[in-house]
Amino acid sequence: MKKDDGSSLAIGISLGLIFGLLLDNLAIGLAIGTALGVTGVFAGKGEKKE
């Protein structure tokens with residue numbers, strides 16, 4: 001299992017913040033971004049074998 005360095009959470013919160021600012025609802029945007037980041041949607045599919 002690959003150790004997560006937190007980059008997925010950072011990307012999720014960043015995109016959620018942008019989404020929240022565009023729709024003028026910052027709380028919902030941050031909640032969605034945090035949920036996506038914690039679930040690891042932005043993480044890679046796995047380690048590449050060479």
Side-chain angles (χ1 to χ4, degrees):
M1 182 174 202
K2 185 178 176 185
K3 186 175 179 182
D4 187 23
D5 61 352
S7 62
S8 178
L9 181 60
I11 293 170
I13 290 176
S14 299
L15 291 177
L17 180 64
I18 292 169
F19 180 73
L21 288 173
L22 290 175
L23 295 179
D24 200 27
N25 197 345
L26 192 60
I28 296 296
L30 284 176
I32 291 171
T34 303
L36 290 175
V38 168
T39 56
V41 171
F42 303 106
K45 294 288 182 184
E47 296 180 20
K48 294 181 180 178
K49 294 184 179 181
E50 294 183 24

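If you're wondering where the values come from, they're calculated on a predicted model, not measured in any experiment.
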Closest non-hydrogen atom pair, Ser8 against Gly37: OG-O, 3.2 Å
Rounded to the nearest 0.5 Å, what separates atom [atom1] in [X] from atom [atom2] in [Y]?
X     : Y     : atom1 : atom2 : answer
Asn25 : Leu30 : CG    : CG    : 9.5 Å
Leu17 : Ile32 : CG    : CD1   : 12.5 Å
Leu36 : Leu9  : CG    : CG    : 10.5 Å

Ile13 reachable from Leu21 in the ILVMFWY side-chain graph, under 4.5 Å edges: yes
